[in-house]
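Let me begin by presenting the structure, written as structure tokens, before commenting on it.
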Amino acid sequence: MAEIDNKTVEQEEIIPKNFIQQQIVDDLAEGKNGGRVHTRFPPEPNGYLHIGHAKSICLNFGTAKKFGGLTNLRFDDTNPAKEDTEYVDSIMEDVQWLGFDWDDRLYYASDYFDKLYDFAVSLIKKGKAYVDFQSPELISEQKGTPTRPGSDSPYRNTTPEENLELFTKMKDGFYNDGDCVLRAKVDMSSPNMHMRDPLMYRIIKQPHHRTEDKWCIYPMYDYAHGQCDYWEGITHSICTLEFEVHRPLYDWFVDQLKDSDYRPRQIEFSRLNLSYTVMSKRKLLQLVKEGFVKGWDDPRMPTICGLRRRGYTPESMRAFSDMVGITKVDGVTDVAKLEFCIREDLNKRAQRVMGVIDPLKIVITNYPEGLVEEIDAVNNPEDESMGKRKVPFSRELYIEREDFMENPPNKFYRLSPGREVRLRYSYFIKCTEAIKNEAGEIVELHCTYDPETKGGNAPDGRKVKATLHWVAAAQAVKAEVRLYDRLFTDADPLGNKEKDFLELLNPDSLKVLTQCYIEPFVKTAKPLDGFQFERLGYFNIDPDTTTDHIVFNRTVSLKDGFKK
RNA sequence: UGUCCUGUGGUGUAAUUGGCAACACGUCUGAUUCUGGAUCAGAAGAGUUCAGGUUCGAAACCUGACAGGACAACCA
């Protein structure tokens, strides 16, 4: 094992936040691993990271940091048939964006291909591994089932000398894909399927994204992972629950390898499930490949890049990770928690702006034609230091169509005929007439304003029940706004026994509005800049934006207290 | 008819290791407000899957059920 110089920490001062940290505290108390804590985040570069990975990243980097330890980034690239540098790049970008740093500790499982090969040779020499020429079907048949023990392969007792020769030929490309594999000799009658002479190496004659054509045999996950942990000096190898049954095998290989008291320890926790979405890389890949979404970074996707494009901040995602906690219980977390986290974060930080996404034109009939006033508006009521800006006001404005009702029900206290409301930061207005087209649809409102209410308050002290957002028709910036809703109509799309998850896709998950008007302030905004559109929600600039076409994504709506 | 893991308000977690089940999200009131946002105050909602047992005392320990999940890829 390499010398690692991370510092030890007094465990007394640390209060464990979950069962993993508790185990680390216990390990430290027992003096294990010389007091070191070293974790790793080990993605396979075969897809984009999603919010479940974000939870794991926060856990691994966060826990190590808490104990004064280190975290490695290690790409688990043992299968060239599935992996690609495109994914390597995106993964590094996402980890960094989330706010974590592996410093100079960037590794690949492929860094260890030579060492793994040598270790395999040593196992063969000890009679603990053999080359098996049976077909995959036969090997699978011999493995038995979880309830029925397996039986030995006829190749199980080949001599080490012969195995060595065969394995060398495997490595040298003498055989083709599927001809043979190297298996560990463990226990064909173990109740644990993974112990029934697991495969260590298989032949894949495909170039690898890093080792290119140096190898035609590649180690299996079970044969590679624990050894990589060992060589990197990992103390706590944190993974998800489905690897729980692999742990005896993980330990078996480490036992064959270790030459000191140090040993990495695998600890499993339950993966994150989020309501109204899917979190499997395979399913997400399918959504992308089959065009159900526009790409890995479609703002409806639970991928880190999708959420980033949607307007989520790293802070909000870390807060969310913290909030859901770490256990071994597998459940479904309500997306409402994620939405809470982004609202809470953006409420404190987002620049306020007024934007009308479903415009209804109003004319202030008693307001001078041609006059444009510059109205003071607060940039963020939660943060004085963000200052103020000017918003143009004139005779023709847009308000939100849903802020007017001709025949309002009891609890509706926005604009209606004869009723007075406030236009935010500017004046009180009263609706005098609703103009309709031949179809009877309201196309325009005529209103009057009270010049005495400039700034938003009446000198006579009279009150209004509602304050509406608005934009000046002539000065507003026209924009496209994309509204997102949950990707699936079912909270647990994979839990539905009758329907395939694709049938449960929400047909209204994307709504594109093209006739939106936003106050001129947003003109200079850059892609991914976020705003609160007052009374509507948080929106950010989509990278599809061009100089003459501005596109917003709705990150999340504001909580709406108005219920019909 | 195997092995392993997991069962605490609607949801996610906690209960300093055996001492009155707590917190957050969500929901619902009310106050306040130039965002029906935010903020503030409050409420409802579990007696810890069930049945036994140990104990002065059990969510926790033991036994047995029941329920859910994982494992039979030359995937990770």
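Chain letters run A, B, ... following the sequence lines, proteins first, then strands; residues in each count from 1. As a basis for the values below, the full set of heavy atoms in this structure was taken, side chains included, without hydrogen atoms, waters or symmetry mates.
- Counting atom types as modelled, A:H246 pairs a side-chain N or O with a base atom of B:A76 as donor and acceptor under 3.5 Å.
- In this structure, A:K337 fails the cation-pi test against A:F320, since its NZ or CZ atom is not both closer than 6.0 Å to the six-membered ring centre and inside 45 degrees of the ring normal.
- Contact annotation for A:R352: base contact, defined as any heavy-atom pair under 4.0 Å involving a base atom.
- Between the side chain of A:S316 and the backbone N or O of A:Y312 there is no donor-acceptor pair closer than 3.5 Å.
- Between A:K390 and A:D376, at least one side-chain N (NZ, or NE/NH1/NH2) sits under 4.0 Å from a carboxylate O, which counts as a salt bridge.
- Separating the CD atom of A:E339 from the C1' atom of B:A24 is a distance of 16 Å, rounded to the nearest angstrom.
- Distances from the side chain of A:V329 to the nucleotides B:U13, B:C71, B:A14 place B:U13 closest.
- Taking atom CG on A:D187 and atom P on B:C4, their separation rounds to 15 Å, with Å as the unit.
- Checking B:G36, B:G12, B:C75 against every side-chain atom of A:T467, the shortest atom distance belongs to B:G36.
- Per the geometry, CG belonging to A:L338 stands 12 Å off C1' belonging to B:G12, to the nearest Å.
- For A:T327 and B:U6, the shortest distance from a side-chain N or O to OP1 or OP2 is not below 4.0 Å.
- Among all heavy-atom pairs drawn from A:H209 and A:P45, the shortest one is NE2-CG, 4.4 Å.
- In this structure, A:D560 atom CG and B:U27 atom P are separated by 11 Å, rounded to whole Å.
- Geometric assessment of A:R422 against the ring of A:F428 yields a negative cation-pi assignment under the 6.0 Å and 45° thresholds.
- Shown here for A:C239 and A:F243, the closest heavy-atom pair between the two residues is SG-CB, 3.6 Å.
- Using a 4.0 Å heavy-atom cutoff across all strands shown, A:F340 reaches sugar-phosphate atoms only and no base atom.
- Of the possible polar contacts, one joining the A:N379 side chain to the A:M386 backbone as a donor-acceptor pair under 3.5 Å is found.
- If you take CG of A:D222 and C1' of B:C71, they are 12 Å apart, rounded to a whole angstrom.
- Proximity note for A:Q22 (side chain, C-beta onward) versus B:A76, B:C4, B:U17: the nearest is B:U17.
- Contacts of A:M220 with the nucleic acid, taken as non-hydrogen atoms under 4.0 Å apart, involve only primed sugar atoms and P, OP1 or OP2.
- Using a 4.0 Å heavy-atom criterion, one finds that A:L241 contacts no nucleic acid atom at all.
- Ion pair A:R271/A:E242 flagged as a salt bridge, since at least one NZ, NE, NH1 or NH2 atom sits closer than 4.0 Å to an Asp/Glu carboxylate oxygen.
- Across the protein-nucleic acid pair, A:R343 atom CZ and B:A24 atom P stand 18 Å apart, rounded to whole Å.
- Heavy atoms of A:Q134 sit under 4.0 angstrom from at least one base atom.
- A:Y201 has its ring centre less than 6.0 Å from the ring centre of A:F167.
- For the pair A:F19 and A:F243, both in contact range of RNA chain B, the more 5′-proximal nearest nucleotide belongs to A:F19.
- Out of B:C75, B:C74, B:C25, the shortest distance to the side chain of A:P136 is found at B:C74.
- The base of B:G36 is paired with the side chain of A:R414 by a donor and an acceptor separated by under 3.5 Å.
- Counted within 6.0 Å of NZ on A:K205, heavy atoms from surrounding residues, nucleotides or ligands total more than 12; the atom is thus considered enclosed.
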Check the interface with nucleotides 39-42 of chain B: list each N/O to N/O pair with the protein under 3.5 Å, or write none.
none

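- Taking atom C1' on both nucleotides, B:C75 is separated from B:A51 by 43 Å, rounded to a whole Å.
- Look at CZ on A:R282: it is 16 Å from P on B:A76, rounded to the nearest Å.
- Nucleotide B:G30 carries an anti base; the chi torsion (O4'-C1'-N9-C4 or O4'-C1'-N1-C2) is more than 90° from 0.
- Looking at heavy-atom distances under 4.0 Å, A:G331 makes contact with sugar-phosphate atoms alone, never a base.
- If you check every strand for non-hydrogen atoms under 4.0 Å, A:N457 touches a base.
- Using a 4.0 Å heavy-atom distance criterion, A:P381 is classed as a base contact.
- A:I342 approaches A:V556 most closely through the heavy-atom pair CG2-CG1, 3.7 Å.
- A gap of 33 Å separates the C1' atoms of B:G53 and B:G10, to the nearest Å.
- Atom CZ of A:F533 and atom P of B:G36 are 17 Å apart (whole Å).
- For a distance-only test at 3.5 Å, the side chain of A:R148 fails to qualify as a donor-acceptor partner of the base of B:U1.
- In this model, the phosphate group of B:A76 is approached by a side-chain N or O of A:R202 to a distance below 4.0 Å at OP1 or OP2.
- Nearest nucleotide to the A:P191 side chain, out of B:U3, B:A73, B:G26: B:U3.
- Of the candidates B:A70, B:U35, B:C75, B:A70 carries the atom nearest the A:V245 side chain, counting heavy atoms from C-beta on.
- Heavy atoms of A:G144 sit under 4.0 angstrom from primed sugar atoms or phosphate atoms, though from no base atom.
- Across all strands, A:T145 comes closer than 4.0 Å to base atoms (heavy-atom distances).
- For B:U16, the glycosidic angle deviates from 0 by more than 90°, giving an anti base.
- With respect to the salt-bridge test (charged N to carboxylate O, under 4.0 angstrom), the residues A:D403 and A:R535 qualify.
- Nearest to the side chain of A:K337, among B:C71, B:U35, B:C25, sits B:C25.
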(request) For nucleotides 43-49 of chain B, just jot down a letter per nucleotide in 5' to 3' order: B, S or -, based on protein non-hydrogen atoms under 4.0 Å. (result) -------

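- Nearest nucleotide to the side chain of A:D334, out of B:A72, B:G37, B:U11: B:U11.
- When each of B:G36, B:U27, B:G2 is scored by its nearest atom to the side-chain atoms of A:Y413, the top-ranked nucleotide is B:G36.
- For A:F539 and A:F531, the ring centers sit 6.0 Å or farther from each other.
- Distances were taken from every side-chain heavy atom of A:F412 (C-beta onward) to each of B:U11, B:C25, B:G36; the shortest belongs to B:G36.
- As judged by a 4.0 angstrom heavy-atom cut-off over every strand, A:Y218 is placed among residues making no nucleic acid contact.
- Cation-pi geometry between A:R210 and A:Y108 is met: under 6.0 angstrom from the ring centre, within 45 degrees of the axis.
- The only member of A:L360, A:V421, A:L468 that meets side-chain contact (heavy atoms from CB on, under 4.5 Å) when paired with A:F404 is A:L360.
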(message) If a pair means Watson-Crick or G-U wobble with both distances below 3.5 Å, what does RNA chain B look like in dot-bracket form, with | marking bases paired to a different strand?
(response) .((((((..((((.....[..)))).(((((.......))))).....(((((..]....))))))))))).....

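- Nucleic acid contact for A:E534: base, since at least one base atom lies under 4.0 Å from a heavy atom of the residue.
- Closest-nucleotide positions on RNA chain B for A:G325 and A:L423 were compared, and the one nearer the 5' end corresponds to A:G325.
- Close to B:A38, at under 4.0 Å from its OP1 or OP2, lies a side-chain N or O of A:K559.
- Remark: side-chain polar atoms of A:Q532 are not paired, donor with acceptor, to backbone N or O of A:A350 under 3.5 angstrom.
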